[in-house]
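The next block holds one structure in the form of structure tokens; read it before the comments.
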Amino acid sequence: MSRQTTSVGSSCLDLWREKNDRLVRQAKVAQNSGLTLRRQQLAQDALEGLRGLLHSLQGLPAAVPVLPLELTVICNFIILRASLAQGFTEDQAQDIQRGLERVLETQEQRGPRLEQGLRELWDSALRASCLLPELLSALHRLAGLQAALWLSADRLGDLALLLETLNDSQSGASEDLLLLLKTWSPPAEELDAPLTLQDAQGLKDVLLTAFAYRRGLQELITGNPEKALSSLHEVASGLCPRPVLVQVYTALGSCHRKMGNPQRALLYLVAALKEGSAWGPPLLEASRLYQQLGDTTAELESLELLVEALNVPYSSKAPPFLIEVELLLPPPDLASPLHCGTQSQAKHVLASRCLQTGRAEDAAEHYLDLLALLLDSSEPRFSPPPSPPGPCMPEVFLEAAVALIQAGRAQDALTLCEELLSRTSSLLPKMSRLWENARKGTKELPYCPLWVSATHLLQGQAWVQLGAQKVAISEFSRCLELLFRTTPEEKEQGAASNGEQGCKSDVALQQLRAAALISRGLEWVASGQDTKALQDFLLGVQMCPGNRDTYFHLLQTLKRLDRRDEATALWWRLEAPTKGPQEDATWSLPLYLESYLSWIRPSDRDAFLEEFRTSLPKSCDL
């Protein structure tokens with residue numbers, strides 16, 4: 001009877017193993033199928049087959065002869081399921097836990113031990129494998145999947161302890177995960193072992209590459225390019241899929257750029273472009289490199305290519321039914337140099353760089369293209385681009401209007417401003433509450449008052465360009481009326497937590513007031529009304545003491561009005577060393593305001609101040 005039972009058990013084991021091997025072969029056939037629907041259907045059928053087989057095996061009491069096959073089926077099931085879903089789930093952690101519990105059941109280690117966490121279960125199961133060497137290979141394969149799951153979940157502490165246990169080194173002598181991974185030596189697979197989709201050595205190679213990549217990228221993001229180089233070179237020299245290799249070469253290029261090695265950076269970026277069709281990250285990094293080198297033409301060409309590249313749908317081969325490096329990488333980080341954003345974000349970077357480098361005509365066209373793209377139904381929403389601070393939709397309108405004015409297209413700028421006002425006019429009755437939001441830094445349209453006021457400021461400048469002085473003065477006055485209608489109070493002592501955004505809003509508010517007062521003052525000067533100009537410049541000095549351009553225009557006006565004593569006193573203030581309030585204040589200004597302030601910044605400032613100094617009596621001269 002015993003021989004008959006053994007024969008039946010052996011026959012069932014052979015049937016189960018045959019089914020596992022057939023399902024693994026089916027998954028591999030599906031992997032090589034060129035037809036997407038057939039590939040998906042074959043893989044899904046194989047997954048369901050493995051699920052059913054696992055259910056049959058775990059429906060019986062755990063037995064040592066069957067456990068190597070059972071653990072292999074668990075591994076194949078997890079690998080196929082994770083690759084189809086392109087990610088791990090809590091169910092897979094439970095599958096691993098159930099497998100470990102089955103190992104302990106054969107050692108009659110039930111009860112309280114089964115209430116332990118996964119880490120403790122691993123300790124117990126690996127100790128049990130010393131008595132059951134036939135389970136060692138399957139347990140190491142399962143441990144590879146556990147390591148992959150913990151790495152993807154960023155549970156690096158648990159991963160390190162697991163590797164120490166696998167390496168039979170619980171002394172904690174090495175806390176370097178990369179070294180622990182390299183030290184791990186999975187046992188060789190038996191020639192007659194059940195078929196697997198991925199063996200332990202293959203999982204180890206993937207883990208090494210993924211962890212080195214994660215570490216290198218994190219070191220690069222946190223500002224340690226020298227340390228990042230070592231980890232990234234480790235990735236490039238390993239078994240690295242081509243899409244990941246493109247990112248690695250791009251990251252290496254970023255490291256060398258930040259370390260002051262532009263030629264080596266360029267070599268890596270060229271290699272990245274040759275390696276695959278994901279051209280976005282290397283092209284964006286190339287634009288940063290050329291900007292750093294001062295090659296504006298090459299920088300803008302790179303950005304134009306980036307916009308085109310992001311317009312082409314990225315097509316990649318269907319991933320194999322394996323645990324791959326991409327599966328273990330973190331989601332894209334906005335701070336990462338590899339994040340190139342969407343086509344609209346790239347278009348904005350291109351338009352803003354054209355504006356900043358004085359290519360107004362190109363900037364105007366790019367901004368108009370960008371607005372058409374954003375207002376199209378296919379891409380209705382706009383998020384900030386990768387380089388902070390990112391503008392929202394109204395600021396894109398304002399930057400576009402600035403570009404149009406700078407390109408001499410004042411009428412188009414007025415049309416754009418009217419469109420923006422039509423979208424924000426309904427908010428004007430709520431201005432008092434919005435000012436309070438701006439001061440506190442809350443999320444509800446914090447800069448809306450600035451946008452509306454800035455729109456009137458730009459309309460005024462457009463009318464100046466068209467020669468309509470009275471209309472221009474009227475627009476500047478409207479801007480000032482809105483700015484002064486509700487003045488934000490001093491911050492409460494308890495508002496420190498919202499201080500950063502509130503400070504940005506206040507700085508922009510001060511500079512916007514100065515810009516409007518200077519602009520209106522200059523129009524009074526142009527019309528020969530120096531007394532009115534003097535009032536605006538004096539108010540500008542009071543409202544924005546950090547804006548030295550206001551002092552300069554005031555000095556010129558005092559000199560024209562022959563108020564020599566006041567002009568001399570003001571000249572001394574301009575000549576005195578300062579703590580640089582204007583420089584400190586402008587770092588957070590939006591681009592449209594920075595551009596506008598550059599227009600009203602006197603180009604002859606140094607020459608005028610020197611001329612004024614030489615005109616002073618010798619007793620007053622330094």
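Nothing fancy with the numbering, it's 1 onward along the sequence.
Smallest separation of non-hydrogen atoms from Leu310 and Gly341: CD1-O, 3.8 Å. In terms of heavy atoms, Ala413 sits closest to Ile405 at CB-CG1, 3.5 Å. Among all heavy-atom pairs drawn from Ser595 and Leu355, the shortest one is OG-CD2, 3.8 Å. Scanning all heavy atoms of the two residues, the minimum distance from Glu219 to Ser231 falls at OE1-OG, 3.7 Å. Taking both residues in full, the closest heavy atoms of Ala533 and Gly521 are given as CB-O, 3.4 Å, listed atom of the first, atom of the second, then distance. Residue Leu374 comes nearest to Val396 through the heavy atom pair CD1-CG1, 4.4 Å, listed as atom of the first residue, atom of the second, then distance.
Pairs of residues two or more places apart, or lying in two chains, that qualify as salt bridge (Lys or Arg N to Asp or Glu O under 4.0 Å) and include a residue from residues 245-266 are Arg257-Glu285. Applying the salt bridge (Lys or Arg N to Asp or Glu O under 4.0 Å) test to residues at least two apart or on different chains, none of the pairs has a partner in residues 450-460. Under the salt bridge (Lys or Arg N to Asp or Glu O under 4.0 Å) criterion, no residue pair touches residues 450-465, with sequence neighbours excluded. Counting only residues at least two apart or in different chains, ring-ring contact (aromatic ring centres under 6.0 Å, His included) contacts with residues 272-304 are absent.
Tyr249 and Glu275 form no side-chain donor-acceptor contact under 3.5 Å, judged by distance and modelled atom types alone. Arg601 and Ser598 share no side-chain donor-acceptor pair at under 3.5 Å. Gln535 and Trp524 form no side-chain donor-acceptor contact under 3.5 Å, judged by distance and modelled atom types alone.
Using modelled atom types, no side-chain atom of His256 and backbone atom of Leu267 make a donor-acceptor pair closer than 3.5 Å. At distances below 3.5 Å, at least one donor-acceptor pair connects side-chain atoms of Asp295 with backbone N or O atoms of Ala298.
Shown here are the salt bridge (Lys or Arg N to Asp or Glu O under 4.0 Å) partners of Arg564, two or more places apart in sequence or in another chain: there are none. The salt bridge (Lys or Arg N to Asp or Glu O under 4.0 Å) test applied to Glu419 returns Arg423, not counting sequence neighbours. Asp565 meets the salt bridge (Lys or Arg N to Asp or Glu O under 4.0 Å) test with no other residue; sequence neighbours excluded. With sequence neighbours excluded, no residue forms a salt bridge (Lys or Arg N to Asp or Glu O under 4.0 Å) with Glu523. For Pro590, the side chain to side chain contact (heavy atoms under 4.5 Å, CB included) criterion is met by Glu395, Ala508, Tyr592, Leu593, not counting sequence neighbours. Residues forming a side chain to side chain contact (heavy atoms under 4.5 Å, CB included) with Gln356 (at least two apart in sequence, or on another chain): Arg353, Leu591. Qualifying side chain to side chain contact (heavy atoms under 4.5 Å, CB included) partners for Thr415, counting only residues two or more places apart in sequence or in other chains: none.
A distance of 10.5 Å separates CD of Gln510 from CG of Leu589, quoted to the nearest 0.5 Å. Taking CG of Leu466 as the start and CD of Gln461 as the end, the distance is 10.5 Å to the nearest 0.5 Å. Summarising the geometry, atom CG belonging to Asn261 is positioned 10.5 Å from atom CG belonging to Leu289; distances are rounded to the nearest 0.5 Å. Atom CG of residue Leu483 and atom CG of residue Leu450 lie 7.5 Å apart, to the nearest 0.5 angstrom. To the nearest 0.5 angstrom, Thr455 atom OG1 is 11.5 Å from Leu414 atom CG. Atoms CG and OG, on Leu217 and Ser336 in that order, are 4.5 Å from each other to the nearest 0.5 Å.
Side-chain contact between Gln247 and Tyr213: present, with at least one pair of heavy atoms (C-beta onward) separated by less than 4.5 Å. Contact of the Gln459 side chain with the Glu418 side chain is registered, since non-hydrogen atoms from C-beta on lie closer than 4.5 Å. Between Val235 and Val325, every side-chain heavy-atom pair lies at or beyond the 4.5 Å cut-off. Side chains of Lys470 and Ile473 form no contact here, defined as non-hydrogen atoms less than 4.5 Å apart. At least one side-chain heavy atom of Leu554 sits less than 4.5 Å from a side-chain heavy atom of Leu534. Residues Leu416 and Leu404 form a side-chain contact, since some pair of their non-hydrogen atoms from C-beta on lies under 4.5 Å apart. Two residues are said to be in side-chain contact when any heavy atoms from C-beta on lie closer than 4.5 Å; Tyr268 and Leu232 fail this criterion. In this structure the side chain of Val246 never reaches within 4.5 angstrom of the side chain of Pro281, judged on heavy atoms.
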### Query
Is there a side-chain contact (heavy atoms from CB on, under 4.5 Å) between Trp599 and Val464 once you walk through the steps?
CA-CA 12 Å; Trp599 297 344; Val464 169; over 6 Å; no

### Query
Passes side-chain contact (heavy atoms from CB on, under 4.5 Å), Leu512 versus Ser453? Steps please.
CA-CA 8 Å; Leu512 190 56; Ser453 304; 3.9 Å; yes

### Task
Please step through side-chain hydrogen bond (donor to acceptor under 3.5 Å, both in side chains) for the pair Gln469 and Trp463, ending with a clear verdict.
CA-CA 7 Å; Gln469 192 177 74; Trp463 284 116; over 6 Å; no

#### Entry: Ile600 vs Asp549, side-chain contact (heavy atoms from CB on, under 4.5 Å): CA-CA, chis, key distance, verdict
CA-CA 8 Å; Ile600 55 178; Asp549 294 335; 5.5 Å; no

### Message
Working note: Met393 + Leu375, criterion side-chain contact (heavy atoms from CB on, under 4.5 Å); need CA distance, chi angles, decisive distance, verdict.
### Response
CA-CA 10 Å; Met393 193 67 171; Leu375 297 174; 3.4 Å; yes

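More than 12 heavy-atom neighbours from other residues, nucleotides or ligands sit within 6.0 angstrom of CD on Gln86.
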List, one per line, each side-chain donor-acceptor pair under 3.5 Å for residues 360-371, sequence neighbours excluded.
residue, atom, partner, partner atom, Å
Glu365, OE2, Arg409, NH1, 2.8
His366, ND1, Lys347, NZ, 3.3
Tyr367, OH, Glu399, OE1, 2.6

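Each of Arg563, Arg560, Lys559 was scored for a salt bridge (charged side-chain N to carboxylate O under 4.0 Å, His left out) with Asp530, with one residue passing: Arg560.
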